[in-house]
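We use all heavy atoms of the structure for the numbers below, so side chains are in, but hydrogens, waters and symmetry mates are not. Everything quoted here is computed from the prediction, not taken from an experiment. Each chain gets a letter, A, B and so on, in the order the sequences are listed, and its residues count up from 1.
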Protein chains: 2
Amino acid sequence: MKIGELSKRTGVSIRMLRYYEAEGLLKPERTRNGYRDYDLAEVRTVERIKLLGAGGMTLATILQFLPCVRGEGPIFEPCDELRLTLRQQIRLVEEKTQKLAQSRSVLETFLQEIGER
Amino acid sequence: MKIGELSKRTGVSIRMLRYYEAEGLLKPERTRNGYRDYDLAEVRTVERIKLLGAGGMTLATILQFLPCVRGEGPIFEPCDELRLTLRQQIRLVEEKTQKLAQSRSVLETFLQEIGER
DNA sequence: TTAAGGTCTGACAGCGCTGTCAGGGTCAAG
DNA sequence: CTTGACCCTGACAGCGCTGTCAGACCTTAA
């Protein structure tokens with residue numbers, strides 16, 4: 001699958017797909033003519049990257065547990081660090097969620113004070 | 001209150017307080033010598049700005065409903081647009097919250113797959 | 001052959017923050 | 001008067017993305 005198709009399937013811009021690669025998150029084959037050639041499975045990978053990114057995670061961070069993101073079976077090596085990062089990240093996400101909730105309530109308070117309408 | 005104190009009270013760096021001002025969010029008096037002189041009430045304002053910002057809201061957006069942020073009683077003029085922005089913003093926050101939740105679950109799935117330990 | 005559409009690389013620029021540094025005042029205590 | 005703690009302005013730089021543009025090649029269909 002060429003980059004344009006992957007882009008369409010995932011909703012991630014071509015620019016960003018190349019960026020993912022530059023950051024080491026994707027390593028597509030190359031056809032004879034130099035075109036990137038993605039495995040179909042990468043659709044899932046990209047979607048997960050998207051998700052994690054939406055959670056405020058940095059590509060560099062995502063890179064750390066890329067094997068997991070790619071769903072490459074049980075992992076042995078980097079697991080301990082991985083677990084740590086994962087837990088930290090979850091903490092982080094929880095904090096963000098809380099702040100979001102606070103923001104939301106501030107927003108709603110404003111709405112009321114203004115006169116809900 | 002001078003900028004250093006406001007900074008300490010709010011946990012917002014001096015740099016950022018000045019930035020808030022540059023963006024029109026704060027308009028402190030100036031003492032004879034040119035020092036910024038903040039009203040005590042601004043502590044609350046700054047805290048709200050912080051909160052809204054943490055929710056992913058841009059300073060420019062916050063500026064739009066600054067009167068509300070400052071809690072300046074009932075507002076007349078910009079209310080309709082305000083309500084709209086507010087609602088949009090709440091939608092946005094909700095979406096972010098959802099994504100965060102998804103990220104979280106992805107994270108936790110990873111944790112499990114790795115072998116919860 | 002030509003034109004259109006997809007791809008390649010590399011580079012520049014912008015977003016909204018945020019830190020830091022330089023060069024220079026102010027003020028109170030010693 | 002000097003020192004140290006604050007304050008001022010302005011500018012540069014970096015973060016992590018993200019778009020866009022330029023210049024060039026490949027491929028397919030008319």
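Atom pair Met1(A):CE and dG6(C):C1' shows a separation of 16 Å (rounding to whole Å applied). Regarding Glu21(A), its CD atom lies at a distance of 11 Å from the P atom of dG10(C), rounded to whole Å. Rounded to a whole Å, the CG atom of Leu25(B) is 13 Å from the C1' atom of dC17(C). Regarding Ile49(B), its CD1 atom lies at a distance of 16 Å from the C1' atom of dT18(C), rounded to whole Å.
Both Tyr20(A) and Ile14(A) are part of a single hydrophobic cluster, where members link through side-chain heavy atoms under 4.5 Å apart.
Of the possible donor and acceptor atoms, none in the side chain of Thr61(B) sits under 3.5 Å from a partner among the backbone N and O of Met57(B). Lys50(A) places a side-chain N or O within donor-acceptor distance of the main-chain N or O of Thr10(A), the cut-off being under 3.5 Å.
The list of salt bridge (Lys or Arg N to Asp or Glu O under 4.0 Å) pairs with a residue in residues 4-20 of chain B, not counting sequence neighbours, reads Glu5(B)-Arg9(B).
Across dG16(C), dC8(D), dT18(D), the shortest atom-to-atom separation from the side chain of Tyr19(A) is found for dT18(D).
The stretch residues 2-18 of chain B touches DNA chain C through Ser13(B), Arg15(B), Met16(B), each having a heavy atom under 4.0 angstrom from the strand.
We find that Arg44(A) and Glu47(A) are not joined by a salt bridge, their nearest charged nitrogen and carboxylate oxygen being 4.0 Å or further apart.
Between Lys27(A) and Glu21(A), the closest side-chain pair of non-hydrogen atoms is not below 4.5 Å. Looking at Glu42(B) and Asp39(B), their side chains come closer than 4.5 Å, going by heavy atoms from C-beta outward.
Separation of atoms OG (Ser7(B)) and OH (Tyr38(B)) is listed at 9.5 Å; rounding is to 0.5 Å.
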Under 3.5 Å, which protein N or O atoms sit close to an N or O of nucleotides 23-27 of chain D? Give each pair with its distance.
none

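Of the residues near DNA chain C, Arg32(B) and Leu59(B), the one whose nearest nucleotide (by heavy atom distance) lies more toward the 5' end is Leu59(B).
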